[in-house]
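To start, the structure under review is shown below, and the notes come after it.
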Amino acid sequence: MVCKMVYVFMADHEWGNALMDRLARETFAEFPDADVVHVHEHGGWSLGYRRDMKIVSSANDCACFPREIDQWRESITDVVVLANIRRDRPAPVGLVAA
């Protein structure tokens, strides 16, 4: 299976699994062909969401996944990146170059 993926990189001031979940849902709505949305926090944490919102990857190298998820991942033969989204925060007021 070819896995169509979107990467989302959160801004420096953004963190937390609730926001990661929300960003994944919003990204799936924006990219209806995506199979996986991989959300990265600025500190290195990341979670990969399948369209059904099951977690399919994690920055936690000791994470355990259900056999169904392992089998699904093993079925991936190639990855196509649909987009890289960077959620950079705007410069604070008064620090914008003229």
Side-chain angles (χ1 to χ4, degrees):
M1 167 184 94
V2 175
C3 179
K4 293 170 271 182
M5 189 172 303
V6 176
Y7 289 95
V8 178
F9 298 90
M10 297 167 71
D12 291 349
H13 67 287
E14 297 178 316
W15 64 87
N17 68 316
L19 178 56
M20 294 172 90
D21 290 354
R22 192 189 90 213
L23 293 174
R25 290 179 195 282
E26 290 173 0
T27 303
F28 278 124
E30 187 176 344
F31 292 88
D33 292 341
D35 299 307
V36 173
V37 171
H38 202 96
V39 183
H40 291 262
E41 277 188 342
H42 64 281
W45 184 253
S46 64
L47 292 172
Y49 297 84
R50 195 167 64 178
R51 182 162 285 283
D52 60 7
M53 292 304 291
K54 289 185 179 178
I55 303 293
V56 296
S57 64
S58 170
N60 180 348
D61 58 355
C62 293
C64 295
F65 294 93
R67 182 77 185 126
E68 181 267 329
I69 297 298
D70 289 337
Q71 290 172 334
W72 179 82
R73 289 191 317 204
E74 290 166 5
S75 74
I76 297 171
T77 57
D78 200 6
V79 174
V80 174
V81 177
L82 300 177
N84 285 298
I85 300 168
R86 297 198 176 274
R87 293 174 48 85
D88 298 324
R89 68 178 176 191
V93 174
L95 296 180
V96 178

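Positions are given from 1, in the same order as the sequence printed here. Only heavy atoms go into these numbers, but all of them, side chains included; no hydrogens, no water, no symmetry mates.
For the pair E14 (side chain) and E41 (backbone), a donor-acceptor distance under 3.5 Å is absent. A side-chain donor-acceptor contact under 3.5 Å links T77 to the backbone of M1.
In this structure, CD1 on I85 lies 10.0 Å from CD on E26, to the nearest 0.5 angstrom. Here the straight-line distance linking atom CD of E68 with atom CG of D70 works out to 9.0 Å at 0.5 Å rounding. Atom CZ in R86 sits 13.5 Å away from atom CE in M10 (nearest 0.5 Å). Annotation: the span from L82 atom CG to M5 atom CE amounts to 9.5 Å, rounded to 0.5 Å. How far CH2 of W72 is from CG of D35: 6.0 Å, rounded to the nearest 0.5 Å. Here CG of L23 is found 11.5 Å from CG of N17. Values are rounded to the nearest 0.5 Å.
Note on M20 and W15: separate hydrophobic clusters, where clusters join Ile, Leu, Val, Met, Phe, Trp and Tyr whose side-chain heavy atoms are under 4.5 Å apart, directly or indirectly.
Across A24 and V37, no two heavy atoms sit closer than the pair CA-CG1, 3.9 Å. S58 approaches A63 most closely through the heavy-atom pair CB-CB, 4.1 Å. Between R51 and P32, the closest heavy-atom pair is NH2-O, 3.0 Å. The nearest pair of heavy atoms linking I55 to Y49 is CD1-CE2, 3.3 Å. In terms of heavy atoms, R50 sits closest to V56 at CB-CG1, 3.7 Å. For H42 against A11, the heavy-atom pair with the smallest separation is ND1-O, 3.7 Å.
Using cut-offs of 30° and 60° for the angle between ring planes, the F9 and Y7 rings count as parallel.
Every residue was checked against the ring pair (Phe, Tyr, Trp, His ring centres under 6.0 Å) condition with F65, not counting sequence neighbours, and none meets it.
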